[in-house]
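Just below is one structure, and these are the notes that go with it.
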Amino acid sequence: QVQLVESGGGLVQAGGSLRLSCAASGTIFSINDMGWYRQAPGKQRELVAVITRGGTTNVADSVKGRFTISRDNAKNTLYLQMNRLKPEDTAVYYCAAPYEGYWGQGTQVTVSS
């Protein structure tokens, strides 16, 4: 069982940046897909970005060009660099290894206009 703990959320003005981290309690080297998801109030959880064990990435159209996902298998950590943040990016952000059923508890990101 791997536990995932997110950090790095907070309040930021529109146009600002945040870097989310997700620390795993165990090795993530053998986990293929890991991703970041978000859920805004009153909305369904949505995929933000995903990265494979080999480093192939895919990001949602809504954040393309602004968000970058990366992983450091040696540090058992997943990252999400978020630039040019918009108020509509406000949500709780979760990291996950969805096919293994591992989910973090989430970190709040609030972008003020």
Side-chain angles (χ1 to χ4, degrees):
Q1 183 77 9
V2 173
Q3 292 185 333
L4 303 176
V5 179
E6 302 96 336
S7 62
L11 174 64
V12 64
Q13 289 188 332
S17 298
L18 285 173
R19 188 193 196 202
L20 304 183
S21 298
C22 173
S25 62
T27 182
I28 65 171
F29 178 79
S30 61
I31 298 176
N32 192 22
D33 290 357
M34 295 196 71
W36 288 95
Y37 296 73
R38 68 185 181 186
Q39 187 167 20
K43 295 188 177 181
Q44 289 189 333
R45 187 175 296 184
E46 63 176 354
L47 175 65
V48 176
V50 64
I51 185 168
T52 68
R53 184 173 56 190
T56 300
T57 63
N58 193 18
V59 298
D61 287 344
S62 59
V63 304
K64 196 164 291 184
R66 300 187 297 122
F67 290 11
T68 303
I69 187 172
S70 62
R71 64 192 283 175
D72 186 333
N73 291 333
K75 294 183 178 180
N76 295 317
T77 304
L78 182 71
Y79 302 99
L80 185 68
Q81 178 66 44
M82 305 186 295
N83 298 327
R84 302 199 306 278
L85 283 159
K86 303 176 181 180
E88 51 264 43
D89 295 319
T90 295
V92 178
Y93 284 71
Y94 301 88
C95 73
Y99 297 111
E100 285 73 16
Y102 302 146
W103 288 83
Q105 293 193 337
T107 185
Q108 177 71 47
V109 171
T110 303
V111 185
S112 63
S113 57

Nearest-0.5 Å distance, [atom1] of residue [X] to [atom2] of residue [Y]:
| X | Y | atom1 | atom2 | result |
| --- | --- | --- | --- | --- |
| Arg19 | Ser70 | CZ | OG | 6.0 Å |
| Arg71 | Thr57 | CZ | OG1 | 12.0 Å |
| Ser113 | Gln13 | OG | CD | 9.5 Å |
| Glu6 | Cys22 | CD | SG | 5.5 Å |

Cluster companions of Tyr93 among Ile, Leu, Val, Met, Phe, Trp, Tyr (side-chain spacing under 4.5 Å):
Val2, Leu4, Val12, Leu18, Leu20, Ile28, Ile31, Met34, Trp36, Val48, Ile51, Val59, Val63, Phe67, Ile69, Leu78, Leu80, Met82, Leu85, Tyr102, Val109, Val111
Tell me if the CD atom of Gln105 is crowded by more than 12 foreign heavy atoms within 6.0 Å.
no
If you count the non-hydrogen atoms of other residues, nucleotides and ligands that lie under 6.0 Å from CD in Gln39, is the total more than 12?
yes
Would you check if the side chain of Arg84 reaches a backbone N or O of Gly65 as a donor-acceptor pair within less than 3.5 Å?
yes
Please find the pair of heavy atoms, one from Val92 and one from Gly106, that lie closest to each other, and give the distance.
CG1-CA, 3.8 Å
Distance-minimising heavy-atom pair for Pro87 and Ala14
CD-CB, 4.1 Å
Determine which pairs satisfy side-chain hydrogen bond (donor to acceptor under 3.5 Å, both in side chains) with at least one residue from residues 21-31, sequence neighbours left out, and list them in order.
none
Assess whether salt bridge (Lys or Arg N to Asp or Glu O under 4.0 Å) is satisfied between Lys64 and Asp61, documenting all intermediate values.
CA-CA 5 Å; Lys64 196 164 291 184; Asp61 287 344; 3.1 Å; yes
Under the criterion side chain to side chain contact (heavy atoms under 4.5 Å, CB included), I'd like the reasoning laid out for Arg38 against Lys43: C-alpha separation, chi angles, the key distance, then a yes or no.
CA-CA 9 Å; Arg38 68 185 181 186; Lys43 295 188 177 181; over 6 Å; no
Without hydrogens or angle criteria, can the side chains of Asn83 and Ser17 be said to hold a donor-acceptor pair below 3.5 Å?
yes
Could you pull out all residues at least two apart from Tyr37 that satisfy ring-ring contact (aromatic ring centres under 6.0 Å, His included)?
Trp103
